[in-house]
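This is a predicted model, so every value here is computed, not measured.
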Amino acid sequence: MSISISTPTSSADLLPLIIAGPILRHCDEQHFTLWFVSAKPLSVLSLSLKGADFSRVLTHDEVHIIKLGSHAYQYLIHVSATQLLPVDITIDYQLHDTEFGELFSTVTELGYGESKTPNFIVKPNITDILHGSCRQPHHHSDDALVAADTRLQGFNSTTERPSLLMLSGDQVYVDDVAGPMLYAISQVINLLGLPNEIFNAAAIAGSQDISYQPVDLYQRHLGLLPKTEYSAKTALHDWYVNHAIFTSSSAENHLVSVSEVMALYLLSWSPELWQQISIPRDVRGLSAEHLTRWQKEWDSLLAFKAGLTKVRRLLAHLPTYMIFDDHDVTDDWNLTAKWEEAAYGHAFSKRIIGNALIGYTLFQGLGNNPQQMLANLAAPLANYFEQLSMEAQDELIATLLKYEQWHYTLATSPKLVVLDTRTRRWRSESNLAKPSGLMDWEAMMEFQHELVGQDKVIIVSPAPMYGVKIIETVQRIATMCGASLLVDAENWMAHPGTANTLLSIFMHRKTPQQFVILSGDVHYSFAYKIGIRFRHGGPQIYQITCSGLKNQFPEKLLSCFDKLNAWLYGYYSPLNFFTKRKRMTIRGCKPNNDKDKRLVNHSGIGMVTFAENGAPSNIAVLHSDMTETVFTPPKHD
């Protein structure tokens, strides 16, 4: 069954040529990867890498094109060679099209200082890294990516620039969309002519029937999102039965169509598209409560879009790597086997999840490990976007749901290992409603294999491997009451199989001597120094968590958790011997601006400097207001 294209609006003719990007993706000595979206198809592209002695016409195999809509063409440029890029020098890059000329010359404020073109530096020896997660456009905090750009703008030497930017989850919130953002999404769909689709087992026939009128906003959890069809035998029986499968507490505007997801990504990165649309602050048809919410979200989005030019400049200058967490698809994604049974057993909910995964693949996944992902996923992606049929869309979604290579590694020093903690879960055998392990046995063994022969390693785990114990205890109690979904009870210690396997990996005699774990997810920041009890020498482990880029934890609640954790699970507390981590010594690093706390609740981006042995020599958070928090490790164990 064929699918139609949304009719572009007349203002589409006024679109600039480049409507999103450029974003640097996988770049090392052998690879150059660049992502962008243009409003028109390009003809013959030439790439110039000044400083790398590279300038030529790109071949068909080096230019990967997907027509997202009538006025949206996604390009992934991927060039590989044995000795493609030199290290530790500035490389300027530019794309030239035979019809339109230099593509990035018309993109405003793309260079730093007097430079008109973007540039980057290949740094295989990681000395500095930026990392963060959880960027919610309508959150009241400022965007820490803007602060990172401001900091990068002030650098005068190549040695100051970070080796890369690691975004460790929740780059978008598919399940929690502001009313004004959903209104903007509808305009982008029409402006770019993004495809319509046909639904199965839904309250409406297809995406053409979705209403974006104000009166219908904040209503999707009531009539559009599918409901559970099983009776949950839990202490919260009434809460589970007939609750929407999509369990976000803010699912009123949960995205459902693939075009909505694509439009959200574009609006998250593109200042140009915001200039082409109009969103009123005062609207009719909303209740007084929803109107107040709309106006509050409108004010936050106004500040968000004002910083997008700086965000684009940052992403054009730093090789950027990404991995999904739940909100990139939906809240509690694959948290329990019971959740999976309900979500994938319903045709419409499976389509919604699949559409989000299509968006992740296009806008995030392909650029992480382009050689492998293009080899496996380019054909099914092209098949869907060329045919735009319901059958091709279902086939693509089936392929993505079976795909098991979302994780990847970087051949850097220290080696960087990025984990997929969402799609290969260790399901509970005793109770399908209990939280699944974040990685199953096979995935854990593959992870261990990546560590063999390494003396130092950086691990990217979206959720902290060593979290705040008091919060994990609350989650465990809630799980015992049958409310794992209510408190997002997913952590590395929640499943005994995953927890014991993980701890065994760290305690193995042949494990690397230096681990640094980078995480996000939790909406606050902290750092732990971790050792093994009753053992002299390594390994030394640092858990460094920075979250969110544009999100925060409820302040009063976090302060209570911080104090309780210090009282009950401090370094000298005997309660530690009753936890799964009893063989580990865990000491909190002190933030310089409030040494009585260990948890920092202020949006920001993590900054880690590494010593030659792979240990962090400086752990800090650059906050969205340009202030900094520095974490001081304990002086002695």
Side-chain angles (χ1 to χ4, degrees), residues 126 129 131 414-417 419 438 444 447-448 450-461 463-473 491-493 496 498-519 522 525-546 562 565-592 595 597-600 606 608-620 630-637:
I126 297 179
I129 199 169
H131 70 107
K415 183 177 184 178
L416 193 143
V417 181
L419 303 180
L438 271 62
M444 294 296 290
F447 168 47
Q448 185 176 38
E450 294 292 347
L451 305 179
V452 174
Q454 304 295 320
D455 60 346
K456 51 189 177 181
V457 66
I458 301 170
I459 301 169
V460 177
S461 168
M465 290 183 167
Y466 297 89
V468 178
K469 193 59 194 176
I470 187 64
I471 295 179
E472 293 180 354
T473 301
N491 57 72
W492 281 90
M493 300 299 127
T498 299
N500 293 330
T501 305
L502 177 70
L503 297 175
S504 296
I505 289 174
F506 284 123
M507 291 190 294
H508 196 281
R509 291 285 180 177
K510 295 184 179 180
T511 197
Q513 291 302 295
Q514 188 63 62
F515 287 94
V516 174
I517 307 164
L518 302 179
S519 301
V522 293
S525 301
F526 64 93
Y528 288 158
K529 184 179 181 182
I530 303 155
I532 299 178
R533 296 184 193 273
F534 317 118
R535 180 188 293 185
H536 296 289
Q540 290 296 325
I541 305 167
Y542 282 85
Q543 169 70 67
I544 303 173
T545 301
C546 184
D562 199 350
N565 195 69
W567 293 340
L568 297 177
Y569 295 101
Y571 178 63
Y572 295 103
S573 173
L575 290 179
N576 290 317
F577 289 94
F578 296 94
T579 70
K580 294 186 180 72
R581 308 184 305 195
K582 55 183 175 291
R583 292 289 306 276
M584 301 287 184
T585 61
I586 300 176
R587 304 199 69 174
C589 299
K590 298 179 180 180
N592 66 319
K595 295 184 179 181
K597 292 184 177 181
R598 295 295 182 270
L599 309 180
V600 176
V608 184
T609 302
F610 293 86
E612 190 173 345
N613 67 351
S617 58
N618 187 66
I619 303 170
V630 178
F631 289 95
T632 304
K635 294 182 179 180
H636 53 80
D637 295 327

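With Thr511 contributing its side chain and Met507 its backbone, the two residues share no donor-acceptor pair below 3.5 Å. Remark: side-chain polar atoms of Lys456 are paired, donor with acceptor, to backbone N or O of Glu612 under 3.5 angstrom. Remark: the backbone N or O of Ser519 is not paired with any side-chain donor or acceptor of Ser461 at under 3.5 angstrom. Side chain of Gln514 to main chain of Gly614: no donor-acceptor pair is present (N/O by atom type, distance under 3.5 Å, no hydrogens or angles). In terms of modelled atom types and a separation under 3.5 Å, the side chain of Thr609 and the main chain of Ser617 share no donor-acceptor contact. Distance alone, capped at 3.5 Å, places no donor-acceptor pair between the Gln448 side chain and the Ile505 backbone.
Counting heavy atoms from C-beta outward, Ile544 and Phe631 have side chains that stay 4.5 Å or more apart. Using a 4.5 Å cut-off on side-chain heavy atoms (C-beta onward), Phe515 and Ile530 make no contact. For the pair Leu451 and Lys415, the minimum side-chain heavy-atom distance is 4.5 Å or more. Here the side chains of Pro414 and Gln454 are not in contact, with every heavy-atom distance at 4.5 Å or above. Taking 4.5 Å as the limit, some side-chain heavy atom of Val522 sits within range of a side-chain heavy atom of Pro464. You'll find the side chain of Leu416 reaches within 4.5 Å of the side chain of Ile129, heavy atoms only. Residues Phe610 and Ile458 meet the side-chain proximity criterion, which asks for heavy atoms closer than 4.5 Å.
Going from atom CG of Leu502 over to atom CE of Met493 covers 5.0 Å, rounded to the nearest 0.5 Å. In this structure, the separation between OH on Tyr528 and CD1 on Ile541 is 14.0 Å, given to the nearest 0.5 Å.
Checked against the 6.0 Å centroid criterion, the rings of Phe506 and Tyr466 qualify as a close aromatic pair.
Nearest heavy atoms, Gly588 versus Pro634: O-CD, 4.2 Å. In plain terms, the two heavy atoms of Arg598 and Phe526 that are nearest each other are O-CB, 3.4 Å. The two atoms that bring Leu419 and Met465 nearest to each other are CD1-CE, 3.5 Å, heavy atoms only.
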Evaluation steps, side-chain contact (heavy atoms from CB on, under 4.5 Å), between Gln540 and Asn613: CA-CA 11 Å; Gln540 290 296 325; Asn613 67 351; over 6 Å; no

Candidate pair Ile517 and Gln543, rule side-chain contact (heavy atoms from CB on, under 4.5 Å), full reasoning: CA-CA 5 Å; Ile517 307 164; Gln543 169 70 67; 3.5 Å; yes

